[in-house]
Each structure stands twice: as C-alpha cells, then as structure tokens.
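Report on the following structure.
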Amino acid sequence: MPLKGNTMLLSLRHVTKTYPRAETAVFRQVSLDLDAGEMLALTGESGSGKSTLLHLIGGLDTADSGSVAVAGIDLTPLDDAGRAALRRGTVGVIFQQFNLIPSLTVAANIAFQARLSGRHDPDRARMLAERLGLKDHLDKHPEQLSGGQQQRVAIARTLAAAPRLVLADEPTGNLDEATADTVFALMCELVSETGAGLVLVTHSQRLAARLGRRLHLGAGQLIEGLAV
Amino acid sequence: MTGAVLSALLGHWRRNPLQLFTLLAGLALGTALWSGVQAINAEARASYDAAAATLGEGSYGQIVARDGGEIGQETYVALRRGGWLVSPVVEGRLGPVRIIGIEPLTAPRGVGPLGLGEQADLGAFLTGEGQIFGRADTLAQLAETGARLVDAPDVAPATAIMDIGLAQRLLGREGRIDRLILAPDQPLSRPALSTLAPDLVEAARQDGGDVARLTDSFHLNLTAFGLLSFVVGLFIVHGAIGLAFEQRRPMVRTLRALGVPLRRLIALMALELVGLGLVAGLAGVALGYAVAAALLPDVAATLRGLYGADVSGQLTLRPAWWLSGLAIAMGGTAVASAGALLSLARMPLLASAHPRAWAMARGGVRLAVLAVALLALAGGLALWGRGLLAGFAMLAALLVGGALVLPPLLGQALRVAEGRATGVLAQWFWADTRQQIPGLSLSLMALLLAMTANVGVSTMVSSFRLTFTGFLDQRLASELYVSASDAAQAADIVAVAGAGVKAILPILSVEAKAASQPVEVYGARDHATYRDNWQLLRSFPDVWDRLAQGEGVLVNEQLYRRGGVDLGALVAVSPRLTLPVLGIYGDYGNPLGQVIVNEAVFAGQFPDVVALRFGLRVDPSEVAALRKTLRDQAGVPESAMVDQAAIKALSLSVFERTFTVTTALNVLTLAVAGFAMLMSLLTLATMRLPQLAPVWALGLTRRKLALLDLVRAVVLAALTGALALPLGLALAWALLAVVNVEAFGWRLPMYLFPLDYLRLGGLALLAAALAALWPAWRLSQMPPVQLLGVFRNER
C-alpha cells in the first residue's frame, strides 16, 4: 500500500511505544517521512528511544499503536515471518556492536545477508570489500579483526544486500574519532551510490551535522532540526 | 570477612538457580546410578557370604564322597574315632527352602547357631522339637514342621539351618550325610583319609563360594555399568562447576581487589563445593536406593535362574553402601572441581574479568594429543598387556581417550560439512554448529560414554546369550535327562528305557586334580550326539576317533588357560594314566576345569564309579511317553527327570530377566546423558543470544532458528553415535576377550547386533531431540525485546 508518492521510502504515523513493565511511553504519537536517497540523523539523550524507533522501522520490534510503512509495505499487520522477510530484503541494519557472525569468515559474513535475500552478487561483494579495505582479510574470522575493520565488514554485509533503507545504530560508537570519521564517510558514500535511504542514530552532533536532515528525539517527541 | 565473602559466593547460585540445579542433579544422578548398582551388588554378595558362612564354604576344607554321593553315618563315626576333627552336614530341599542340617557340638566356630545371635539356645537347638533358624519369609514356609522358628536375618535367603537330626528327619534321609566340614587344626597323628575312608576325598578350601565365582561376571558387568554412569554424571558436574567458576571470575577479581586473600577465597569455594557435594550425594544415595529397589527383584530372579544363587529380593540399607555412595559423590565433586580451583589459584589479579568461553576446549590441541596417546595406550595394552589390571587400564584408556577425541573429531567432520555446503543457511548452520562444540563438548562426551556403555554392554550380554543358548544346544543335546537315586535304580532305568530310545548316554564323573588344578573328570560314550553337537574351540583333525580309541582327552577352556595345557600337552587323568590333549571346548560359566575321556578309559581308571545320571536320545514327540514309562516302571520321580525343552525355556526366560536389568540401566544412562545435554543447551541458550540475534535481525524467524537448533542437537547426537559405535564394540571386545578371560578363565565369542545398534541410535537421537526441545521452544517463543537486548548500545 503506497502511502505518499513514488519516492516515499519510510512513513511513520502516530507511533507510540511503551517498554514492557514501564509506566510511561518512551515516545508517543510520533510521525516521520523519509524519501528514497534521503539521509537522516536521529539524535537524542541516552534512553530517549532512538534505538527503539530504529528497531520499529527495521521490523525488529512492534509498535503499540500507529503505523510504520517501509517501501510501501505496512509493517503493522505483518507476522514474524513477514517482518523477517522485510529484514532480509528491504532494510539493512548496521549495529554499534558490529554483530558479525563469529563462526563465518569475513567473506561469508559480507555475503550472508545478500545470499539470504537471494540478491548475492559476487562482483558487488568484491567491490565493497575492496572499497572498505577488507580485500586482504576475506579469509579471516571476525575476532581476528580490529573494531574498525569489523564495523566495515558489517557495513559491507548490509550494503551487499542492496537494501532500500539502511538503518545504522551508532555505527561508529565503538571506534576512535579518526577511524569513526573514515568509516562514516565510506558508509555515507556507498549508501549514497546505491540510492538507498539512511536513518542514522548517533550521539555525535559532529557526525549528525554531516547529513542532510536531522531529527531530535526528546521527551517522547520528534523535533525537526538541530538538537536542543 | 568470611561471612561477607560466602554471601557473595552463594549469591551466584541464587541468581542462577538453573545452574545450581544442573550441578546438584548431575552429581545426584551419577551417584544414584553408581550407588544403585553397588546396592544390588552388595545385597547379592551379602547373600552369597551368608550362604558361605552358613555352610563353612570359603573358610573350611571339606570332605566329600569321591563319586559325589552320600557319606554313611558309620564312615563319619570311623573318622571321628580315628582323630579327624570333622562335622557332618546334610543338605536338601523342602519345597523352595534349602534345608541345612549341622551338628553344633562338632562344627567349627562360626558355623551353626552359636553364631546366629542371642536367641540361639544350644539346648533347644539339639533337643525336643528343635529350632530352625532362617529369615522371616523362609520360616513362614516351615510353620508346619513343629520346630521352634527363630528369625535370623543373617542367614542366606531361602535357607533354613537346624540340627542335623531334625534336617535328616524333615528330608527323609535318616543316617545320611552329604559332606563333612574339616576343622582348621587337625591332630598330626591322625591316620590318612585313604586308610580310614578310601571312598572319600578332601576338597580344597576355595577362596570364595562357587556361587560367588559364577556370578562375579554378572556383577562385574553391573559394576562397569554403574561406574560408566557415574562418569557420565561427572561430566555434567564438571561442566556445571566450570561454568560457575568462569561466570564468577569478575566477582573473584573484585573480591581479591578488595583485599580478600586468595587462599581464603579458594578455601571458601572448596567449602561451598563440599556442601553442595553432600546435598547432592545424599539425594543421589536416596535415588540410588530407589533404583536398586526397583531392579533388585529382576536381578535376584536372574541370579537364581542362571546360577541357582539365592539372593534376597528385598533391599537392606547398609551403612557401608550409603557411606560409599556419599564418598563417591564427594570424590566426584573433588575431581570435577580440581581443575577449576587450580585455574582460580593461578589466575592473576588483573586477569580479564570477562568470563572466557568457559567451555572452550582449553588447550584443544593438547587434549587431542592426549586423546590419541590414550587410544594408542589402549591399543598397546590390548596387544601386549597381561593380567586383569592391564585389562582395566586398557578399558579406562579406551574410554577416556575416546571421550577426549570426540570434540576434535566432531570439529573436523563439521568443517568438512561446512566446506561442502552450498546454501547460505547450510553454511551458517555447519559453521555455527562447529562453534557450539566447545560449549556442548562435556555433555556430548557424556552422551558418547552412555552410548558406548550401551553398545558395549548390550553386545556383551547379547553375545553371552547367543553363546549360552548355542552352548545349551551342544550340552543339552539329549532330549531327556534322568537321575537315579542309586545303582539299582540306574540299572532299572537302563533296562526300562533301553528298548524305546535311540541311545542311552551315561554321565560319569569324579573329582580329581590335573595340571595342578581341581578338575572334574568325565567319561563320555562314543556317540554321534557328541560328534554332531559339540563344537571345539581348537582340536586335532581326527579328535573324536582318537578320543573313542582312548588315545587322548578333551579339556575345557578353563583348564587350558589356567593349567596351560594346550593341544598335545599331557594331562594326568589319574595317578596311573596320562594322556595328551586332543581338543579344547568352551565351557561357559563353569569355574572348574574339566577333562573328558572315553567311557572305557574312565571305567578302567575309576571302576567303582557307577553312572547315576543319563542322557536319553529319543524322538521329541515321545518324551512324554518315556517319562511316564520311567515313572511307572522304574519308579523315577518327576523331579528326577528334566527334558531339554524345559531347561532351554527356563534359560531363555532367565535371560529375559537379565535383559530387563540391562535395558533399564541402558535407559537410565541415556536419560542421564540426555539430561546433561538439556542442561548444557539451557545454559548455552543465554550465552548464544549474541550469535543468534544478528541472524534473526538479518531475516531468519525465531521459529526457524529454533528448528535449526533442534536439528543441530540431533546431528551432533548422530555424529557422536557414529563414534560411540566403534568405541562400544571395542569396549565389548575388551570385556569379552580380555577382562573376562583374565577374570574367569574363559573367552566369549563376540557377535554383532546391527538392529540393536540401530534401535539404540534411535533412542539416543530421541534423547537428544527431547533435550533440545525445551530450549528450542523457548527460543521460538522468545520476545523480540530479549533479542534486541543484544543490540542495545548501553548494555
């Protein structure tokens, strides 16, 4: 069910979410639109619900009320299998903790999601590995890499599947400033080349400033523009 | 400080009740199986000991008739007058009760009523109606004898002891004696036995009762099973303790940083383990008692049927048994925790506080090398080892080596599978399974040992059954066996049966000594029955013809091994005749050596021995008619006639009881291993979340992940089973060809039972699937928020 023109990639309408056993909602009646190719930075205090919002968009969690639609697909009625299919084919998530699969090699990790979604292109995977400086590490296992290298593998894994929407949750939070800058630049460059949309959750005002659009989540509400 | 540290340590168990349960249950189950089996063994042995003590077996020498018959009262009197310190015994059956009559005034100390407690009254025992000593259930069957019944729990089951005069009266054998007990100190001046009573022979004192020796093989199997079960339990405890210690590393570091001395910390952790070991040990002993109580009736029936050994069907709570159960639980805890405590003692104060991959095969290469070395040692001992000790060392090396080699072998197998997988899920599945091996290795080793024990013991018991039934076919070739009460009735039997049967085969035997061993010498008639049915283990080509011509003897395997008499070796049949060994035959279950000579040779050497037992060859359809003829015309009572079919049916029914016991132990051991797997999987379930959550986030449903976990457990069990089969067969071989030979002097041939192995494999897979079912179900139902916890940045 397309919601708003052909370029609309993400649409949240009046979304409310309360944590289990919590008395008040983490956010209430939140709405948000994102077009294809658009890059958005989401900032906020710790515990403000940024990651939770990202999880709702990625089909990792469900909202208490309201609707979430990605690439024209309304997530609300989807069951577990439907949301899993969305995660395989439409969205890609990059985590702060990298969350690579320790039992697989770097090459297998990069190809993993693309193969799951049936969109594996060895040339593209090779190109991503080269661009992200992983060419010499393809046969290694994640624990043999540095934090920066592991995050590059996570980015390559997401982009190899060519998702229409990339969700990045503090992707450079575990890296030093110099490495973080390099990884962040590469990620933005590659996402931009694919024409996918990007929602970046970050604490860093510096990184957020480098994206075209910024939203701040505070007191359960989204505020367009600079953080307060 | 101690209180504060203890409270911190115990807090771990409060926060991890499942781990505490795993530890206690693993130790309790292992102890239960071990102490249950020990309880059965102890009960059976106590019964043998009671029987042996009652009869003076094992403690005193005895004098018996050379032909195995009765001893006349006058011969006994002659011996006493000649200075021999002997005491008469008469023995017989009154229904199901074994009646033993003794003469208390002449019996050596420890034999008879003087050793039977406070109620023993010599006067009452000897005079009037007399006294009968026995267990309450035995005495209940002797209520009509008129004698005073005295409850004596120490008397062997189904046995009653009384004065010889009363026993002779009850048995209808006035003036008859079965054997004479020899006092240990005899006057040096007494005349030789051969002068006073040439028909009597002195039987050497034996180290244990015949019954005990016959049943030792059975008990050895049970003990081996119990020990293996305990080792399986030990693996569970080792895993639980290892995990608990690894998880408490951060706390240990903090406590040490706060000033708690390392020595105090280790002592308190050891104290904590002692407490846990005691609790688990007590629970294990109680469970063991329940296991033993459930199995004892079948074991008792098996022993009674197989060996004629009376074992009480009721369990007694013996202090030695439950104390040893507790001791083994404490010892097991000490063994399982030694490594963890040592590692803690060596941990530097600033070591990583994060729990390491606790179950990672630390020094995996070192363990693999150790495993190969142990397996090589087992092979070396199998080839060149001698003696029972070497046999047990080989078993231990084989089992421990086999268990240690499992993780690296599984790793290799999974690596190959991963290399061959084409799909992305299959590739991940194999790689992830390989990664789970360290965490599951202890429970998989437990499963391996359980399956190995099952394959090994089942193969041995089934081989025993097959051999024994084949052996019965050989030995019980005659359709009807008849015993005569004396020579006159023996002649009647021959006369009456002569016309209606195909052959009459007299069974002649005497006790003698050959190759420095006590033996039974048999005289065999030359007949097709022997030639067609007896299968010799080794022989010269024309063995039966040469035996018929009196040119040599056959010996049983026991004499061949113990006396070292191989083919061609000379054996003294009597002081006047020495003949070469022509063949060696299997003689399973018999503790004594045997020599078979031709009937004519036997008659020449032992002219006074008359055959009182006969095997009659007759058409099976005519057995009933022949029995009737013998009963009516020769006065042979029904109880003196046994037909082949009845004996075989009885033997087979006894084996079914044996199988009930081994099957129960099989299932219990597999259940313990399944429990170990369940506990490992539940423990790993939480630790695995960081590996599963990303795969879920990348688009696999929880249900699919759960299904894959279930398949993973089954695949690992199947691969473990693939190693357990050869290991179990090696165990069976070791038990049959090494331990049995060293312990009992005869070797059982080994047979394979593929269908049994398939069924066992199915059971193991079922156990693994059941163990994985709950963790898998929990994963399939896990709330997304729990999986999302893995991705939380502020974890």
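The model shown is predicted, which means the values in this text are computed figures rather than measured ones.
Contacts with chain B were tallied for Ala84(A), Ala111(A), Ser103(A); Ser103(A) has the most, counting heavy-atom pairs under 4.5 Å. The choice from Pro783(B), Pro784(B), Ala693(B), Ala697(B) that makes the most heavy-atom pairs within less than 4.5 Å of chain A is Ala697(B). Your options are Leu60(A), Thr105(A), Thr52(A), and the one with the most heavy-atom pairs under 4.5 Å with chain B is Leu60(A). Ranked by heavy-atom pairs shorter than 4.5 Å toward chain A, the options Arg702(B), Arg434(B), Glu418(B) are led by Arg702(B). Counting heavy-atom pairs closer than 4.5 Å to chain B, the top-ranked of the candidates Thr62(A), Thr158(A), Val93(A), Ile101(A) is Ile101(A).
In this structure, chain A has no heavy atom under 4.5 Å from any part of Gln436(B). Neither the backbone nor the side chain of Leu787(B) has a heavy atom closer than 4.5 Å to any heavy atom of chain A. For a residue to count as touching a neighbouring chain, one of its non-hydrogen atoms must lie under 4.5 Å from one of that chain's; by this rule Trp430(B) does not touch chain A.
Salt-bridge annotation for Asp121(A) and Arg115(A): absent, with no side-chain N of the basic residue lying under 4.0 Å from a carboxylate O of the acidic one. Salt bridge status for Arg688(B) with Asp709(B): present, with a side-chain N to carboxylate O gap under 4.0 Å.
Inter-residue side-chain proximity for Leu190(A) and Arg131(A) is flagged as met; some heavy-atom pair is nearer than 4.5 Å.
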Steps toward side-chain hydrogen bond (donor to acceptor under 3.5 Å, both in side chains) verdict (Gln113(A), Arg119(A)): CA-CA 9 Å; Gln113(A) 190 174 4; Arg119(A) 286 204 292 264; over 6 Å; no

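A donor-acceptor contact shorter than 3.5 Å links the side chain of Lys50(A) to the backbone of Gly44(A).
Asp169(A) and Ser51(A) share a side-chain donor-acceptor pair at under 3.5 Å.
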